[in-house]
Engineer: 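Before I ask anything, here is the structure I am working with.
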Amino acid sequence: QVQLVESGGGLVQPGGSLRLSCAASGFTFSLYRMRWYRQAPGKERELVATISNDGGSTDYTDSVKARFSISRDNPKNTVYLQMNSLKPEDTAVYFCSARMSISGSLVGNDYWGQGTQVTVSS
């Protein structure tokens, strides 16, 4: 059974840092492209960061570039999102997703975690 379990969210002051984790099980993690999304109240879900199967390629939405860093540990079946210099507008529920990628071609559907709340407030 496929599972993605996010953790590491919480309340942090502006300028602070958090590290989110997403633990995967039930599939061959190294064959999957991983992404972090977020959804703020009343807004659509937004793609935040993407990492390739082997971790060699990453991409970020403009609003988080130079502040957030996505990484993965394939032997541990875990993807991370290091978030620095957090701003109130980063407040959202953060979700990880997985989709199989073979030779650069996406296969099948996305798997999703249940999300973890990040609140940036003084």
Engineer: Locate the shortest heavy-atom distance separating N74 from S30; write the atom from each residue and the value.
Structural biologist: ND2-CB, 3.7 Å
Engineer: L31, I102: one ILVMFWY side-chain cluster at the under-4.5 Å cut-off?
Structural biologist: yes
Engineer: Report the relative orientation of the aromatic rings in W112 and F95; use parallel for angles under 30°, tilted for 30 to 60°, perpendicular for over 60°.
Structural biologist: perpendicular
Engineer: L20 vs T116, test: side chain to side chain contact (heavy atoms under 4.5 Å, CB included). Steps then yes/no.
Structural biologist: CA-CA 8 Å; L20 305 184; T116 185; 4.0 Å; yes
Engineer: Between R33 and D110, does any NZ, NE, NH1 or NH2 come within less than 4.0 Å of an OD or OE carboxylate oxygen?
Structural biologist: yes
Engineer: Looking at every heavy atom in both V79 and S71, which two are closest together, and how far apart are they?
Structural biologist: CG2-O, 3.1 Å
Engineer: What are the two closest non-hydrogen atoms of A98 and L4, and how far apart are they?
Structural biologist: N-CD1, 3.9 Å
Engineer: Between Q82 and S17, which heavy-atom pair has the shortest distance, and what is it?
Structural biologist: NE2-CB, 4.0 Å
Engineer: State the CH2-CD1 distance between W36 and I70, to the nearest 0.5 angstrom.
Structural biologist: 8.0 Å
Engineer: Using 0.5 Å steps for rounding, measure from the OH atom of Y80 to the CD1 atom of I51.
Structural biologist: 11.0 Å
Engineer: Using a cut-off of 6.0 Å, state whether more than 12 heavy atoms not belonging to D54 lie near its atom CG.
Structural biologist: yes
Engineer: Measuring from Q117:CD to T91:OG1, what's the distance to the nearest 0.5 Å?
Structural biologist: 7.5 Å
Engineer: Could you check whether atom CD of E89 has more than 12 heavy atoms from other residues, nucleotides or ligands sitting under 6.0 Å from it?
Structural biologist: yes
Engineer: In Å and rounded to the nearest 0.5 Å, what is the CE to CG distance from M83 to L18?
Structural biologist: 4.5 Å
Engineer: How about Y60: does its OH atom have over 12 heavy atoms from other parts shown lying under 6.0 Å from it?
Structural biologist: yes
Engineer: Taking atom CG of L81 and atom CZ of F68, what is their separation to the nearest 0.5 Å?
Structural biologist: 6.0 Å
Engineer: With rounding to the nearest 0.5 angstrom, report the CD to OG distance, Q3 to S25.
Structural biologist: 4.5 Å
Engineer: Has R72 got a side-chain atom pairing as donor or acceptor with S52's backbone, closer than 3.5 angstrom?
Structural biologist: yes
Engineer: Testing the basics here: between L86 and R67, what is the closest heavy-atom pair and its distance to 0.1 Å?
Structural biologist: CA-NH1, 3.9 Å
Engineer: What heavy-atom pair brings E46 and S63 nearest, and what distance separates the two atoms?
Structural biologist: OE2-OG, 4.0 Å
Engineer: Please assess Y32 against F27 for the test ring pair (Phe, Tyr, Trp, His ring centres under 6.0 Å), listing each intermediate value before the final yes or no.
Structural biologist: CA-CA 9 Å; Y32 282 71; F27 61 97; 4.5 Å; yes
Engineer: Could you walk me through whether K76 and F29 pass the side chain to side chain contact (heavy atoms under 4.5 Å, CB included) check?
Structural biologist: CA-CA 9 Å; K76 292 185 178 180; F29 185 71; over 6 Å; no
Engineer: Determine whether a donor-acceptor pair (N or O, by modelled atom type, separation under 3.5 Å) exists between the side chain of D59 and the backbone of A49.
Structural biologist: no
Engineer: Hey, is the main chain of C96 close enough, under 3.5 Å, to the side chain of E6 for a donor-acceptor pair?
Structural biologist: yes
Engineer: Under a 4.0 Å N-O cut-off, is there an ion pair linking R38 with D90?
Structural biologist: yes
Engineer: What's the verdict on side-chain hydrogen bond (donor to acceptor under 3.5 Å, both in side chains) for S97 and R35, showing C-alpha distance, side-chain angles and the deciding distance?
Structural biologist: CA-CA 5 Å; S97 76; R35 284 181 159 177; 5.9 Å; no
